[in-house]
Every structure is written in C-alpha cells, then in structure tokens.
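Only this structure's heavy atoms are used, side chains among them; waters, hydrogens and symmetry mates stay out. Reminder, nothing fancy here: chain letters follow the sequence lines and each chain counts from 1.
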Amino acid sequence: MTATLENPQTEMGAIPSFQVTMRVERFDPESGSGSYWQEFTLTMHGTDRVLDALHQIKWDLDGSLAFRRSCAHGVCGSDAMRINGRNRLACKTLLKDLDLDKPVVVEPIKGLPVKKDLIVDMEPFFASYREVMPFLVTTGNQPSRERLQSVEQRAVFDDTTKCILCAACTTSCPVFWSDGQYFGPAAIVNAHRFIFDSRDEGAQQRLQILNDKEGVWRCRTTFNCTEACPRGIEITKAIAEVKRAIVTRSF
Amino acid sequence: MQTHSYDVVIVGAGGAGMRAALEASPRARTAVVSKLYPTRSHTGAAQGGMCAALANVEDDNWEWHTFDTVKGGDYLVDQDAAEIMAKEAIDAVLDLERMGLPFNRTPEGRIDQRRFGGHTRNHGEAPVRRACYAADRTGHMILQTLYQQCVKQDVEFFNEFYVLDVVLTGDPATDPGARAAGVVAYELATGELHVIRAKSVVFATGGAGKVYKTTSNAHTLTGDGMAVAYRRGIPLEDMEFFQFHPTGLAGLGILLSEAARGEGAILRNASGERFMERYAPTIKDLAPRDIVARSMANEVREGRGAGPNKDYVLLDLTHLEPAHIDAKLPDITEFARTYLGVEPYTEPVPVYPTAHYAMGGIPTNVRTEVLRNNTDVVPGLFAAGEVACVSVHGSNRLGTNSLLDINVFGKRAGIAAAEYAQTATLEEMPEDAAHDVGVAIASIRAGAGTENVAKIRRELQETMDANAQVFRTKESLTTVLADIEALRERYARVGVSDRGSVYNTELVEALELGFLLELAEVVVVGALAREESRGGHFREDFPNRDDEKFMLHTMAYRVPPTARVAGEAGEVVGAGEIVEAGASAGEGTPPRPTFEGTSVRLDYKPVTVTRYQPMERKY
C-alpha cells in the first residue's frame, strides 16, 4: 500500500485526503484466545490524528475496538499507546507525521496488564504514584494569606508540574518492563514536583522513599522516558536532580 | 450485582467532585464514583485562570466581581449566588494555594493576576487584573492539586464506574417527600451493575458539549448527570444557554484560552482589521464571550472571514514577545503548532467559535441542594459545577468563573452533603433498584437493534451546529427539533456489535448518546420558546432582550411517555409549534408552552435580583 496525497492541487480550501493502513493489536479477554493483529485501511485527512483513525475504525468498521480517550488534545492523558514502537498520545500524533508507506502499528503501552485491546490496567501505575507522597506537606498553622514564593523558586519545579499521569514515560522504561517493582519515571517526576517546591516540608521523607532499592537508583538513564513524554518534560534530568538531592541533602 | 453503602456518594471526579470530596470525606463516609480516572476529567483542560478579587496587582473588590458576573450573564444571574461566589472566591484561591497549587507569582512572590474577558474595574471602566493563573494550564493544576489532596486524605474512588441512574424514594414531580437513596453504576471493567446506597448524592458530572459537533469539550462530556436527574423527574434550568467560546482552533474546536487576549492578542478579520473595536469599543477583544463569538460569526457571515473558504478569523499574537508567549501561553501555542502547523510567533492563528459550556443544568439553591420545582428541594440530593445551575452564570458565563464555580460550590456541596448525612437515615432501596438500568443495557447489548450509534450522534451534532449554534431562528430551531425527534425514534432501535462485558465502550457510547438526545431536545425546546436574545442565546427573529417577558429562568420538565399520551392541556398545533398549556405561571410571566411530539414541558422561575437592576449591556 502506498500513501500518496490525492490530488495535491485540489480546489482551494479542500483538505487533501490519503489512505492509511492501521495495524492494531487486539485482545478480547472474553474470547478465550490470545492477542492478534488486525489491519484496517482508512481514508483520512490532513489534520487527522491517530485517535481519529481509531475512532473511524470504532465508529464505522468495528465497534468492539476498545481504547480510552477523553479530551482529544493532549491534556487528559487517557490515550497513551505504543505507536510505531514509540509511546505517544494518540490524540497528539498526526497521521501525516508518520511514515504512511507502511502500516501504522498501534499496541497497548507495555508493562501493565492488558485488559482489552488498547486498554491496560492503570492501578499499578497509580499505586506507585501514591507511594511517593504526591502532595504538599507543611507543618504549623496555615497562613492567613498565600505563602510567598518567588518567580525563581516557582521556576525550579515548573517542568514537573506539567505531568498528566498518562504513563507514557513509565511504560517506555526498560527497567519498569523487566522488574515491575521500580517506581518508574512518572512517580519520580511527581516526587520531584514537591521536593523542589520551596513551600514543601516533606522532601526528606520523599527522598528516603526514593532512596529505596526500587527507587531512583534503578534508573539506567536510557532517556526513553524523556523521549516518550507528550508534555515535553525533561524527565531524565528531573530524576538526576532527585538523585543529586539524595546524595547532597543529609537525612 | 453488588451493593455498597456510604453516607455521601459523589458522582464525578473533576474539580467540583473532588473539591466536594475533600470536604465530605473527613466529615462522613464518602465515595467518589467516576466514569473516568479523576485526572482525566475535563477540568484539566481549563486554561486561563480563576478570578478572585485578591487585589494583588491592582485595586479590586468582590463587589466589582459580582457586578461583572451579573452583567456578563445579561442579568439572568441570580444575584445572591453571584455575590456568594465573588466573596468566597478569595478563600477558594487561597485554599488552592495552601494545597500547593503552583500559581504564577508577582515579583513580590504573591499570586499573580491577569486580565480576562468581561472582568472590569469599577463597573466597566476598564479591564482589571483579576484572574489568578498558572501559565495557561490553570485547570490542569487545579485538577492535579485536588487529586493530590484526595490521595493525601485517602478519599475512596470508584474509578471507571458509570452512574446511569439516581434512586429516589418517590417521584419528585408529585411527592414532596421524595429524597435521595443512592445511585446505580455500571462498572466498565467488568460490566457488572452496582447499587450504591447513600444518604446524600452529589452530582458533579460536568457538561454536555458533545451535543454539538464543534466543541472544546471532551468526548466523555455527554451530560450524564443532567440527563439522569431529568429522567427521574428533576427539572433542568436554562439549558438553551450554551456558551460558544470565541477562540477554538478553526475546524477542530480545540480551545485557545481567552488568556491569549488577556495577554494582548488581537482578533482580526481577513483584511487585518481589529473588528472588535466596532462591536465593543471600550474593552474590545476582552468583551464577554457571547459578544465576541457573535461578532466573529458575523464577520464571517458578511464575507470578511479569512482563509481559502473565508470561514474563520485570526487570533494575532505576532506582536507579543516570544519569551512572553512561552511564559504565559505555552500550551495553547503548542496546540496551534501541533494541530494546525501554525507558528504563533510569526503567523496569526485561525480560530472560530466552539461549543464550550452549558450555563444551564440541574437547578440548585446556594446551598447546592437540588430543586424539584421553583422552590422545593429534594432532601439528600446536591449538585455543583457545570452539571448544576445555581445560577451564577445566567445567560453567559464570564471566563474563569467556571473554575471558581467548581471550587466555591464544590466545597459547599461537600459540606452540605456531609452535614445532611449526619442527621439523615439511609433510605431503604427497592429490591429492583437496578432494574431499569439493567433492562436498558440488556436491550442495547443483546437486542437486535440495527441503528448505528456513531451515525445518529454525528447527525445530531451536525444539525445542532447548523441550527442551534451562535445564531438561531424559529425556522432553524424547528428544523433541528424535528431532526432530534427523528433521531430519538431511530435511537430506540440502536444496536451494538460488541456483546462483551469487559470494557464495552461501544455500549457506553450508546448510553451516552441516549443522554445527548435527551438534552439536545431540552436545549432546543427552551431556545424555541425563548423569543428574545440574551447572552449566549441569540434569536435573529427576536434580536433584543425582552425583560418584560423573559427575565426568567427556564425550567424544563420531562413529561413521562404515559402522561404525554394523556396530553398536557392546550391546543395541538403541530410538531415544534408552541401551544399554550393551562394557566400561566403568574402575573407577567410567559405562558407555559408545551411542544407536541416532544417530551419537554416548560415552566419559568423568577431571577433573584438584589443590587443590580437590569441595564442595557454595553462594553
């Protein structure tokens, strides 16, 4: 199959269409059989994303195809999946940016149990997140107004506040795949967000948790997480900052 | 089927639901039941800010905020509620800061504030810096912060449980003693039904933007809570008022925050003219959304649109410093790059209005108690956020007031629901509480229906966009009403190919479509009856506001099919025709119309006016 723009010189304003083959990993736990691949050939348009292609399959060809999605523009984190071997959000991946000469391969994210088609069990992921105390810890009386924080203090942890908990990073990590005990990048990112917040007083406890054998030291700095992050968070850098904090901050 | 018992059950885990949970869970045994994982909720897509008269950067006070909210809502706002919201806004922002929300800061380290549409100094003199914000991801930060606090408090969640029914002890239409007894939920992972008994039920399920095709709303925003309540005899208030946000990415509907204009961006037509100067000479691009959206649509309609089809206008940020854009508007500029391939540093961004927010919803009083008519509450039933209508937004919500609404009234709902539960008893559930839901699911899943869910939904959304959007007429609304009735008739024969129990998302979409059809009818019937233009509802055949006849909230009741056969009093004229039904609601109020062939009966409720008499709305 070839993917060529049909009539690139179409009339003014018309959106060019093209053919795309989607190769999707299917799994139905109620069928009694294992997973299998299914291909669908679709006609798609210039601004269409992988999510649009999945919707076209679901709405017009096979209603049983199961995947999560909600906001459809990269802020809710529902539709992380493995697209052509890379973890991405289906709603942020434009078809025209992929090599359409070959089928677009779509699989569930790896390392979490598959429940049906592209839907995985997110509970282990959220369990790791909950373990790092992902909330502001303070002592003493609440101030009557806001706590002061300088623009510079706010900037230190800005990057890690962007996390949408989509699990693209954690499920791209070879360490997470191989042992399943590792907290994973997303949990460390969310710990970082508080460890480096000038208002927080729980850093010591969090650093102790992350100094655990399943904590930050399992990171092998493969940068998969940083490449996978749909929010552009420099995750490997954040993990390195947490490692450095464990070494330099006494507790 | 499983049964659970709680003091408080909160339906929905967005901003309002989680804010309620933070108050309810320390006071009473609380569960939050949500169709989505909490962090997937659409609160996270809100961008620009949350207004509160902190006066951190310039003179401001809550009374100005109240006035702006009332005027912005074109005087259909209940002024007591708006005053509460503007007053409690200050603590609502400070609460979030104390929970850890990373607001942008002033050079002095205080919460920074910026301008937003319709928010002004001293009753309209000039735009005021009132919106507290975290870049253009304020909603994301609110959602994350509330979820973090829920984790800290160990709030109990039922994630991916879809509430399909509310159980009441009687029919709220006829039984003054009807009170909440619980909800019925469908577990997405297993297909199992759960009856969750509770003394208090809080609806916080968000909006219904998917009745339209072009929308900023998530796929999952299908008005579930509104429709569930409505089907059980609770009225819906002011549903004809839908907000179309001016700056959706053209053709896609993805939201570009009003904060862009707050930071200085300008709307231009094809010839580069700053056209808002003609429509709102004082505050120009920062006029309220209804006015800007209508102005944009008018530019396009009169041939001044940009692009090859002249079907959008341009949002120009090119005069802003790239560093300023990166600091204040990083996400929306990335949306423009990702989805349209436009570089906002150097090129204007194609935009067009997108269905954004339901001003209407389940009527409540300021204590968030759900009303079963104009005055009486359903004990134990609460609602907050977009699903509810307090009414703080009237006929047009001001930007940032939704993030405020969910925090102020979410908090109130959590407290009220827990306090009610402390003295109430757990109502007995009928043994067949899940019967209706079970039948509905079985008939779709196992039935022989042949109508396609996606096809009906697409047709619904297309006719709503074409006929019930920014501009409306009797003809367009009559057309869309007939379409809806035909689609409802087809929906009765809807079928799915997936017969499974595990994550049957096709079945979920079929159930959601049923809710959308129900609500679309209410929107259109309300719009047809409201023969005036006010806020987000613009009738070209009645272009002026008519306070004498319509300074009233619409209250739409669902007429059960049996009662429909018996017929409401009144002369039958034909589908979509307004006929007078019985006595009018009182002196000076419009007749209560009913619409032959629809399931909607309309009534009206007075607007609460305290300080501000209606004036002409000019900006």
For chain B, find which of A:Gln142, A:Arg130, A:Arg147 contributes the most heavy-atom pairs closer than 4.5 angstrom.
A:Arg147
What part of B:Val496 lies closer than 4.5 angstrom to a heavy atom of chain A: side chain, backbone, both or neither?
neither
Flag side-chain contact, heavy atom, 4.5 Å: B:Asn56 against A:Glu146
yes
Heaviest contributor of heavy-atom pairs below 4.5 Å to chain A, chosen from B:Leu340, B:Asp112, B:Asp331, B:Leu255, is B:Asp331
Just verifying a value: how many Å separate B:Tyr37 OH and A:Arg68 CZ, rounded to the nearest 0.5 Å?
6.0 Å
The reported gap from CG in B:Leu507 to OG in A:Ser64 (rounded to nearest 0.5 angstrom) is 13.0 Å
Test B:Asn159 against A:Glu123 for side-chain contact (heavy atoms from CB on, under 4.5 Å), laying out the working first.
CA-CA 10 Å; B:Asn159 293 328; A:Glu123 281 307 323; 4.2 Å; yes
Residue A:Lys115 versus chain B: region with a heavy atom under 4.5 Å:
both
For the atom pair NE2 (B:His219) and SG (A:Cys71), what is the distance rounded to the nearest 0.5 Å?
8.5 Å
Top residue by heavy-atom pair count (under 4.5 Å) with chain A, among B:Lys455, B:Glu160, B:Gln149?
B:Glu160
Using only atom types and a distance under 3.5 Å, with no angle test, would you say the side chain of B:Arg105 pairs donor to acceptor with the backbone of A:Leu148?
no
Give the intermediate values and the outcome of side-chain contact (heavy atoms from CB on, under 4.5 Å) for residues B:Glu97 and A:Arg199.
CA-CA 10 Å; B:Glu97 197 285 327; A:Arg199 302 168 295 177; 2.8 Å; yes
Could you tell me which of A:Ala72, A:Ser150, A:Pro134 has the largest number of non-hydrogen atom pairs under 4.5 Å with chain B?
A:Pro134
Would the distance check show the side chain of B:Arg98 and the main-chain N or O of A:Ser144 forming a donor-acceptor pair, the cut-off being under 3.5 Å?
yes
Under 4.5 Å from a heavy atom of chain A, the part of B:Ser497 involved
side chain
Is any side-chain heavy atom of A:Arg193 closer than 4.5 Å to a side-chain heavy atom of B:Pro102?
yes
So, the part of B:Arg137 with a heavy atom under 4.5 Å from chain A: the answer is side chain
Nearest heavy-atom pair of A:Thr47 and B:Tyr339: which atoms, and what distance?
CG2-O, 3.7 Å
Are A:His73 and B:Leu252 packed together at the side-chain level, in the sense that at least one heavy-atom pair is separated by less than 4.5 angstrom?
no
Looking only at heavy atoms, the pair that brings B:Arg40 and A:Gly77 closest together is CZ-O, 3.2 Å
Is A:Ile164 close to B:His140 at the side-chain level, that is, under 4.5 Å between some pair of heavy atoms?
yes
Counting only non-hydrogen atoms closer than 4.5 Å, does B:Thr106 touch chain A with its backbone (N, CA, C, O), its side chain (CB onward), both, or neither?
backbone
Distance check, rounded to the nearest 0.5 Å: A:Arg49 atom CZ versus B:Thr338 atom OG1?
10.0 Å
Spacing of CZ belonging to A:Arg145 relative to CD1 belonging to B:Ile111, to within rounding of 0.5 Å:
7.5 Å
Determine whether more than 12 heavy atoms belonging to other residues, nucleotides or ligands lie under 6.0 Å from atom NZ of B:Lys213.
no
Measure A:Met133 against the heavy atoms of chain B and call it side chain, backbone, both or neither at under 4.5 Å.
neither
Which answer fits B:Met141, side chain, backbone, both or neither, if we ask what part of it has an atom under 4.5 Å from a heavy atom of chain A?
side chain
For A:Pro29, is it the side chain, the backbone, both or neither that has a heavy atom under 4.5 Å from a heavy atom of chain B?
side chain
Between A:Glu30 and B:Arg499, is there a salt bridge with N-O shorter than 4.0 Å?
no
Pair count under 4.5 Å, heavy atoms only, with chain A: among B:Asp91, B:Leu94, B:Ile90, highest is B:Leu94
Measure A:Arg69 against the heavy atoms of chain B and call it side chain, backbone, both or neither at under 4.5 Å.
both
Structural part of A:Asp158 lying under 4.5 Å from a heavy atom of chain B:
side chain
Grab the two heavy atoms, one from B:Leu36 and one from A:Ser70, that are nearest each other, plus how far apart they are.
CD1-OG, 3.8 Å
Using only atom types and a distance under 3.5 Å, with no angle test, would you say the side chain of B:His42 pairs donor to acceptor with the backbone of A:Cys76?
no
Dump the intermediate steps for side-chain contact (heavy atoms from CB on, under 4.5 Å) on B:Glu509 and A:Trp59, then the final yes or no.
CA-CA 10 Å; B:Glu509 288 190 30; A:Trp59 293 342; 2.8 Å; yes
Contacting region of B:Asp95 [heavy-atom separation from chain A under 4.5 Å]
neither
Counting heavy-atom pairs under 4.5 Å to chain A, which of B:Ser216, B:Ala454, B:Gly44, B:Gly109 comes out on top?
B:Gly109
Output, in order, the C-alpha distance, side-chain angles, deciding distance and verdict of side-chain contact (heavy atoms from CB on, under 4.5 Å) for B:Gln144 and A:Thr161.
CA-CA 9 Å; B:Gln144 295 291 326; A:Thr161 64; over 6 Å; no
Does any heavy atom of chain B fall under 4.5 Å from the side chain of A:Leu165, the backbone, both, or neither of them?
both
Using non-hydrogen atoms only, which part of A:Asp60 is less than 4.5 Å away from chain B: side chain, backbone, both, or neither?
side chain
Can you tell which part of B:Phe335 gets under 4.5 Å to a heavy atom of chain A, answering side chain, backbone, both or neither?
side chain
For chain A, which of B:Met99, B:Arg457, B:Glu108 has the most heavy-atom pairs under 4.5 Å?
B:Arg457
Name the orientation class of the two ring planes belonging to A:Phe126 and B:Tyr147 (parallel below 30°, tilted from 30 to 60°, perpendicular beyond 60°).
perpendicular
Picking from B:Lys310, B:Arg458, B:Glu334, which has the most non-hydrogen pairs under 4.5 angstrom with chain A?
B:Arg458
Distance in Å, A:Leu65 CG paired with B:Thr505 OG1, rounded so as to fall on 0.5 Å steps
7.5 Å
Which residue out of A:Cys91, A:Gly74, A:Ser31 racks up the most heavy-atom pairs below 4.5 Å with chain B?
A:Cys91
Would you mind checking if B:Glu506 and A:Lys116 are paired as a salt bridge, meaning a charged N to carboxylate O distance below 4.0 Å?
no
